[in-house]
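We use all heavy atoms of the structure for the numbers below, so side chains are in, but hydrogens, waters and symmetry mates are not.
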Amino acid sequence: MGLLTHTELRARFAARLSALYGTEVPAYTTLVEVSQEVNERVLAREGSDAERLGSIERVTAERHGAIRVGSPAELAQVGRVFGALGMSPCGFYDLRDVQPAPVPVVSTAFRPLERDELAANPFRVFTSVLVPEDRRFFDADLEQRLRAFVDARRLFPDELLSLADRAVAEGGLEERDAETFLALATGAFALSPEPVDRGWYDELARVSGVAADIGGVTSTHVNHLTPRVLDIDDLYASMEARGVAMIDRIQGPPRWEGPDVLLRQTSFRALDEPRRFRLADGAVVEGDLRVRFGEVEARGIALTPQGRELYDRMLAEVDARAAEGGDRDEVARAVWAEHLPATEEELCLQGLGFFTFRLVGDATAGTDLAELVRSGAVVPEPIVYEDFLPRSAAGIFASNLTSGGTHDATEGGAPRDLDWMSDVLGTRVAVPEEVYAAESAASWVEVQRRLAS
Ligand code: OOG
Ligand code: NI
């Protein structure tokens with residue numbers, strides 16, 4: 001019998017996790033239904049234009065999840081499980097000093113890197129690891145107890161990890177092993193019925209709700225799952241119309257007339273979920289926790305480092321102007337219109353967005369990219385942004401935490417960077433802009449080759 005490839009394993013895992021999350025968080029199922037309705041509306045309205053940033057099949061199946069783990073050792077295990085699904089770490093996000101609310105974690109996203117793999121199934125998981133060593137959040141005593149607690153638990157069974165390693169070594173798994181692997185992998189991210197130690201959880205929650213969610217329990221769980229929509233404003237309004245309370249706003253760029261860039265996200269508020277608690281006297285009681293939610297996103301064009309710098313400057317300007325009063329979204333639209341080119345072609349020619357190139361005319365237009373594009377001989381096609389935004393991530397974290405926590409910016413943070421994370425994972429964490437740049441460059445080389453022949 002043939003092997004199930006990493007790609008097939010990833011598609012099956014994404015579907016299973018989605019089914020599991022739907023049983024655990026029913027509002028997520030509503031979100032998926034509404035997302036599909038929105039996508040069908042956009043398709044009916046815009047035709048094939050709607051699919052410029054991803055086929056409707058891809059977008060319909062598309063999800064990202066988020067998980068949070070407690071230590072480098074746990075992160076390395078996550079890397080092995082996702083490695084079996086053809087997902088590589090990409091991007092380093094330090095959320096410890098990001099506004100609106102710092103969170104004591106650093107993160108990466110596991111995702112397929114190649115375009116055809118993304119097209120086959122783009123499932124990705126935003127993965128955060130706690131930094132108990134960071135003195136801005138934890139004192140030495142709490143750090144020590146937190147590390148001991150995390151070191152004593154096992155998130156992933158040995159059989160899961162050894163099947164993951166085998167899948168990586170052999171390029172996939174036989175059907176029976178695949179079934180075991182997928183059941184164990186999905187199970188590892190299910191909400192555990194194990195009682196939560198109330199005193200310990202609350203002590204951590206006073207420092208950070210995320211620290212409690214990670215280090216206050218003996219298991220991990222998927223924290224949200226995010227479908228992709230082609231019109232997030234429609235989605236937001238449609239969810240509210242169904243009576244689902246959404247967070248205050250859509251994070252990221254505003255809606256405007258020009259090209260959509262990067263990523264816009266919003267979510268419904270975390271819901272109370274019944275959990276069991278163990279009290280100091282040993283009694284087990286019913287209670288609830290509010291940590292899991294449903295998020296939705298719309299993806300736009302990937303920005304070059306120059307484009308990203310402009311984006312960050314625009315955000316700062318929006319902050320400054322909005323602070324003086326006025327509707328934030330209106331301010332943002334005005335700032336966007338002032339600074340960002342209104343067409344994809346200009347975004348490309350000003351070096352602000354990443355594009356691939358398609359030769360449509362004959363080869364007489366010269367070899368200069370701008371000339372070729374302006375003459376219509378070469379058509380730039382946008383590369384979709386496949387990654388995350390630290391500030392939106394911090395916004396998503398913040399809007400779904402019950403408690404704000406405490407943070408002392410005068411204390412020292414433990415150094416963490418992309419190299420640190422690469423060491424932990426035993427593989428180089430990819431830099432998103434390098435991945436896009438390589439794809440763009442390869443396509444430009446191909447156009448030049450065809451022009452020369
Ligand atoms: C991760 C939040 C970040 C996103 O889409 O930016 C994230 C978390 O809540 O654990 O998923
Ligand atoms: Ni998310």
Side-chain angles (χ1 to χ4, degrees), residues 31 34-35 37-39 41-42 45-46 49-50 52-53 95 98-101 226-269 293-304 306-348 350 352-353 382 384-385 387-401 404:
L31 185 66
V34 176
S35 299
E37 287 167 17
V38 167
N39 291 341
R41 270 202 289 279
V42 176
R45 188 172 76 214
E46 294 176 12
D49 245 19
R52 299 196 62 236
L53 293 173
L95 300 180
V98 179
Q99 294 309 325
T226 303
R228 179 171 161 195
V229 280
L230 298 171
D231 183 342
I232 198 166
D233 301 278
D234 180 350
L235 182 285
Y236 189 97
S238 302
M239 286 296 280
E240 296 237 297
R242 285 219 191 184
V244 180
M246 303 297 282
I247 62 170
D248 296 339
R249 48 183 299 267
I250 297 171
Q251 318 263 346
R255 178 186 201 93
W256 79 304
E257 295 306 309
D260 282 325
V261 299
L262 298 174
L263 179 65
R264 302 181 69 206
Q265 299 179 311
T266 191
S267 68
F268 63 73
R269 291 191 184 282
F293 56 98
E295 180 194 41
V296 64
E297 66 190 13
R299 293 190 169 266
I301 302 170
L303 294 184
T304 62
Q306 244 174 300
R308 184 52 187 267
E309 234 174 74
L310 173 61
Y311 174 79
D312 289 337
R313 269 188 279 126
M314 291 194 300
L315 269 192
E317 193 171 330
V318 172
D319 285 346
R321 284 210 224 161
E324 288 164 16
D327 177 71
R328 195 191 157 87
D329 288 335
E330 259 164 46
V331 170
R333 268 193 293 279
V335 170
W336 249 244
E338 265 167 54
H339 297 280
L340 205 61
T343 65
E344 279 182 13
E345 189 173 300
E346 274 310 306
L347 203 61
C348 171
Q350 293 182 25
L352 298 171
V384 64
Y385 188 60
D387 293 283
F388 292 87
L389 296 173
R391 187 164 140 156
S392 300
I396 295 286
F397 270 111
S399 55
N400 282 291
L401 295 175

Specify the closest pair of heavy atoms between [X] and [Y], including all atoms of both residues, with the distance to one decimal.
| X | Y | result |
| --- | --- | --- |
| Ser35 | Pro227 | OG-CG, 3.6 Å |
| Leu389 | Leu262 | CD2-CD1, 4.0 Å |
| Leu53 | Arg228 | O-NH2, 2.6 Å |
| Pro390 | Leu95 | O-CD2, 3.6 Å |
| Ala394 | Ala101 | CB-O, 4.1 Å |
| Ala50 | Val42 | CB-CG1, 3.9 Å |

Do [X] and [Y] have side-chain heavy atoms sitting under 4.5 Å apart?
| X | Y | result |
| --- | --- | --- |
| Ile247 | Phe293 | no |
| Arg328 | Asp319 | yes |
| Val38 | Leu230 | no |

Checking [X] now: which residues fulfil side-chain contact (heavy atoms from CB on, under 4.5 Å) with it, not counting sequence neighbours?
| X | value |
| --- | --- |
| Glu257 | none |
| Pro254 | Ala332, Arg333, Trp336 |
| Val335 | Met314, Glu317, Val318, Arg321, Val331, His339 |
| Gln350 | Pro341, Glu346, Leu352 |

Would you give the length of the straight line joining atom [atom1] of [X] to atom [atom2] of [Y], rounded to the nearest 0.5 angstrom?
| X | Y | atom1 | atom2 | answer |
| --- | --- | --- | --- | --- |
| Asp260 | Glu344 | CG | CD | 9.0 Å |
| Leu315 | Leu310 | CG | CG | 10.0 Å |
| Leu263 | Phe388 | CG | CZ | 7.5 Å |
| Asp327 | Arg249 | CG | CZ | 9.5 Å |

Residues that [X] engages under side chain to side chain donor-acceptor pair (under 3.5 Å), provided they are two or more places apart:
| X | answer |
| --- | --- |
| Asp387 | Arg111, Tyr436 |
| Thr226 | His64, Glu295 |
| Glu345 | none |
| Asp248 | Arg269 |

Checklist entry - Met239 and side chain to side chain contact (heavy atoms under 4.5 Å, CB included): which partner among Val296, Leu31, Thr266? => result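 Per the side chain to side chain contact (heavy atoms under 4.5 Å, CB included) rule, the option paired with Met239 is Leu31, out of Val296, Leu31, Thr266.
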Checklist entry - Sequence neighbours excluded, which residues qualify as salt bridge (Lys or Arg N to Asp or Glu O under 4.0 Å) partners of Asp312? => result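 For Asp312, the residues satisfying salt bridge (Lys or Arg N to Asp or Glu O under 4.0 Å) (neighbours in sequence not counted) are Arg308.
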Item to check | salt bridge (Lys or Arg N to Asp or Glu O under 4.0 Å) against Arg242, all qualifying residues, sequence neighbours excluded | outcome: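 With neighbours one apart ignored, the set is Glu33, Glu37.
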Item to check | Pair listing, side chain to side chain donor-acceptor pair (under 3.5 Å) test, anchored in residues 229-238, at least two apart | outcome: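 Listed by first then second residue: Arg41-Asp234, Arg41-Ser238, Arg45-Asp231, Asp231-Arg255, Asp233-Arg255, Asp233-Arg264, Asp234-Ser238.
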